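In the text below, chain A, chain B and the rest are named by the order of the sequence lines, each starting its count at 1. Since this is a predicted model, take the numbers as computed values, not measurements.
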Protein chains: 2
Amino acid sequence: MKGNAVYKRSYNGCLAMCGSLQLGACLPSENELAQQLSVSRTTIRTVMTGLEAVGILSREGAIRRLSRHPQPEDAFPDTQTQSTSATVERRFLEWILDGNIGPGYLLTAAELARQFGTSTTIIREHLPHFQHFGLIERRPNSAWLFKGVTPAFANEIYEVREMFELRAARSFAVLPDDSRSWRHMRMIEAEHRALLKSIDKDYSLFPNLDERLHRTIHETTDNRFIKDFYDIISMLFHYNARWDVEDEKQRAFAALTEHITYIEALLGRDLKAIDQACRQHLKTARSNLLRSIELRMTMPPA
Amino acid sequence: MKGNAVYKRSYNGCLAMCGSLQLGACLPSENELAQQLSVSRTTIRTVMTGLEAVGILSREGAIRRLSRHPQPEDAFPDTQTQSTSATVERRFLEWILDGNIGPGYLLTAAELARQFGTSTTIIREHLPHFQHFGLIERRPNSAWLFKGVTPAFANEIYEVREMFELRAARSFAVLPDDSRSWRHMRMIEAEHRALLKSIDKDYSLFPNLDERLHRTIHETTDNRFIKDFYDIISMLFHYNARWDVEDEKQRAFAALTEHITYIEALLGRDLKAIDQACRQHLKTARSNLLRSIELRMTMPPA
DNA sequence: CCCATGCTTTTTATATGCAAAGAACAGGGT
DNA sequence: ACCCTGTTCTTTGCATATAAAAAGCATGGG
């Protein structure tokens, strides 16, 4: 009735720990393992029992020792280490953002449950989350309306994003030199410069860097609502990468250049330059997104 | 297993309709009734059966006639016309905002279910909503952390609110004279002037007017995220009224005056005046809220 | 052919059941 | 006194069950 993803993830975690242990060495205490993996001792004990059953551990009384080194095939596959809930969330987003349905489509919990092979409980728990993302809208006592990943959606997101990021960027500029964010930003700057040199082959590393830059900026506001909103941007951004593969290298290069200007303005505490660089970059990002959305609307994927 | 709040609400709705009917008159068609009350025909049919059972309606074949006028006691009490879900949501918010728990308190779904007399299913469906409000935070596989209605909470809300409302107000100013929002605003202005005259006795009507003014402004942005955020403000505002009863009259008067300045600036399309009035009003509102929160934190309610 | 109503099928709202995971308690060793 | 393991008790994650409500289909009258 309940999956055992936590068990499997912890099992894999323990396997990894065992890997760096000498044969015959005894394991840390249950409490310590539990803390390291952020799970309860109960789970650790179940894992230990499992490891003993396959002969990786042996125990004398209360002491457990490594009796053979774990092999890669001892581990559970990654697909099984995520809770049903997380899996459904991910698959649902993929399904929606891959364009399987268009604006106006009515989503019924019962149908989705069948489609994803879970119960309606899980579906009903997740739909409000996508409402928060602005993707769907509730009809009381009835189905959910899919609003679509439309130009309007992108524009509304970017309208808010611009306000938030401008404010965050300004607040970044007045933080002390030795704040965590500033140290972070200097690292990110270095990574940008490094990536710029090898952009021809490493352009696919850019999205991750992009996300980290913007998140670092947003985090400085210390405002739970602004941070929360960044999850929406992040979601959209993450999945946009799925469709928009054309010209990826050029776009990465252009964005990288804009980022560097932006970062220089930030580290230079030049408010005017910050505003300008921020606006310019978001404008580019917005039109990239819009272009990609419009392209997809005229020729939906097979 | 499922409440019948929809039935009861529709039943009351039909009673009200019957009230304005002549004795012996025949009712509208089932379809029409269903549409009027925004429920399914199935529900209407069940209601009709109920009304026949208590002798309010009589039927010959397919025709239903009013056979006696409904009395007030025929109606279901209002408490029974709301779904379990809605009731829990309301009671939970009241419970939290009335200060029954402090920041740092751990909420467990099981306990809440017992406390509110429902199943954990409902509770689990609602907690994410309060997370969206910024009131609680999730600990995976464990309890929820109540973050408290603290000064930080108020400040973070107002930081965002200011950005959104300034932008909305500016976009309001460029709408055409005959737009729905402008007509709306002129009505609201009239109500403000009327209320100003009778503020001594009618000050308790102010909160409703306040909400309508700000919502009218926010609606003009046509941005789902901004509108969505206004629900949080609204919630806080609504419940703030529960604690903050002292000096209510003075505060209503002060706010009313600020509103009128604000509205004049808006209707005058004077961008600079709008900015100033908006900032000024939000500043006052924020400090009222902060004062009330700080007061409550030093002397929590019995 | 358009709308009625009657009847059937599907979906939603909510409670309950149960395995997995977490938390609390208890004795024992250092 | 602390930390460790064994044990028990509670809570969470998820599926299922069921009444209420919605949606769909059939039939019949103007």
Side-chain angles (χ1 to χ4, degrees), chain A residues 1-10 27-34 37-49 59 61-64 82-88 106-114 117-127 138-144, chain B residues 1-10 26-34 37-49 59 61-64 83-88 106-114 117-127 138-144:
Chain A
M1 304 259 150
K2 183 183 185 177
N4 54 353
V6 176
Y7 167 76
K8 289 178 176 170
R9 197 171 36 234
S10 310
L27 293 212
S29 81
E30 293 174 1
N31 279 317
E32 205 167 322
L33 286 168
L37 296 173
S38 316
V39 292
S40 72
R41 198 162 62 84
T42 310
T43 300
I44 294 296
R45 298 189 106 234
T46 320
V47 169
M48 295 291 112
T49 312
R59 69 188 300 190
I63 291 169
R64 274 178 273 251
Q82 295 209 332
S83 68
T84 311
S85 194
T87 308
V88 166
L106 288 177
L107 297 158
T108 64
E111 196 184 309
L112 290 172
R114 276 194 299 273
T118 55
S119 67
T120 54
T121 313
I122 294 289
I123 300 292
R124 286 174 59 88
E125 242 178 41
H126 280 280
L127 288 176
R138 180 93 222 244
R139 315 261 124 140
N141 287 320
S142 179
W144 295 74
Chain B
M1 303 260 150
K2 181 183 185 177
N4 54 353
V6 175
Y7 167 76
K8 290 177 177 169
R9 195 167 44 228
S10 309
C26 59
L27 293 211
S29 82
E30 293 173 0
N31 278 316
E32 204 167 321
L33 286 168
L37 297 173
S38 315
V39 293
S40 72
R41 196 162 64 83
T42 310
T43 301
I44 295 295
R45 299 189 107 233
T46 320
V47 169
M48 295 292 112
T49 312
R59 68 187 302 189
I63 291 170
R64 275 176 271 250
S83 68
T84 311
S85 195
T87 309
V88 166
L106 287 177
L107 297 158
T108 65
E111 196 183 308
L112 291 171
R114 274 193 301 272
T118 56
S119 66
T120 53
T121 312
I122 294 288
I123 299 291
R124 286 173 57 88
E125 242 178 42
H126 279 279
L127 288 176
R138 180 92 221 246
R139 313 262 124 142
N141 286 321
S142 180
W144 294 74

side-chain N/O [X] vs [N] OP1/OP2, d < 4.0 Å:
{"X": "B/T84", "N": "C/dT14", "result": "yes"}
{"X": "A/R114", "N": "C/dT10", "result": "no"}
{"X": "A/R124", "N": "C/dA15", "result": "no"}

Between [atom2] of [N] and [atom1] of [X], the distance in whole Å:
{"X": "B/R64", "N": "C/dT5", "atom1": "CZ", "atom2": "C1'", "answer": "8 Å"}
{"X": "B/M1", "N": "C/dT12", "atom1": "CE", "atom2": "C1'", "answer": "15 Å"}
{"X": "B/I63", "N": "C/dC3", "atom1": "CD1", "atom2": "P", "answer": "18 Å"}
{"X": "B/R45", "N": "C/dT8", "atom1": "CZ", "atom2": "P", "answer": "11 Å"}
{"X": "B/I44", "N": "C/dA4", "atom1": "CD1", "atom2": "C1'", "answer": "15 Å"}

Classify A/R9 by what it touches in the nucleic acid, base, sugar-phosphate, or nothing, heavy-atom distance under 4.0 Å.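 If one applies the 4.0 Å heavy-atom cut-off, A/R9 turns out to touch nothing in the nucleic acid.
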
What contact category does A/R139 fall into here, base, sugar-phosphate, or nothing, at under 4.0 angstrom with non-hydrogen atoms?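 Nothing: the residue A/R139, judged by heavy atoms under 4.0 Å, touches no strand.
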
Contacts of type side chain to side chain donor-acceptor pair (under 3.5 Å), residue [X], not counting sequence neighbours:
{"X": "A/T118", "value": "none"}
{"X": "A/R114", "value": "none"}
{"X": "B/T87", "value": "none"}

[X]: which residues meet the side-chain contact (heavy atoms from CB on, under 4.5 Å) condition with it, sequence neighbours left out?
{"X": "A/T49", "answer": "none"}
{"X": "A/T42", "answer": "A/S40"}
{"X": "A/T46", "answer": "A/Y7"}
{"X": "A/T121", "answer": "A/S119"}

Does B/T121 make a side-chain donor-acceptor contact with the base of C/dA15, cut-off 3.5 Å? yes

Min and max contacting nt of DNA chain D in 5' to 3' order, chain A heavy atoms within under 4.0 angstrom, are D/dC4 to D/dA23

Set of salt bridge (charged side-chain N to carboxylate O under 4.0 Å, His left out) partners for A/E125, sequence neighbours left out: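 For A/E125, the residues satisfying salt bridge (charged side-chain N to carboxylate O under 4.0 Å, His left out) (neighbours in sequence not counted) are B/R124.
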
Set of residues satisfying salt bridge (charged side-chain N to carboxylate O under 4.0 Å, His left out) with respect to A/R41, sequence neighbours excluded: A/E30

How close do A/A143 and A/L106 get, heavy atom to heavy atom, and via which atoms? CB-CB, 4.2 Å

Base versus backbone protein contacts along nucleotides 20-30 of chain C [heavy-atom cut-off under 4.0 Å; B, S, -]: BSBBB------

Between the two ends of the helix from C/dC1-D/dG30 to C/dT30-D/dA1, what is the bend in degrees, rounded to 10 degrees, where each end axis spans five pairs?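 Taking the rotation axis at each end, their angle is 30°.
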
Is there a side-chain contact between A/L37 and A/T43 (heavy atoms, below 4.5 Å)? no

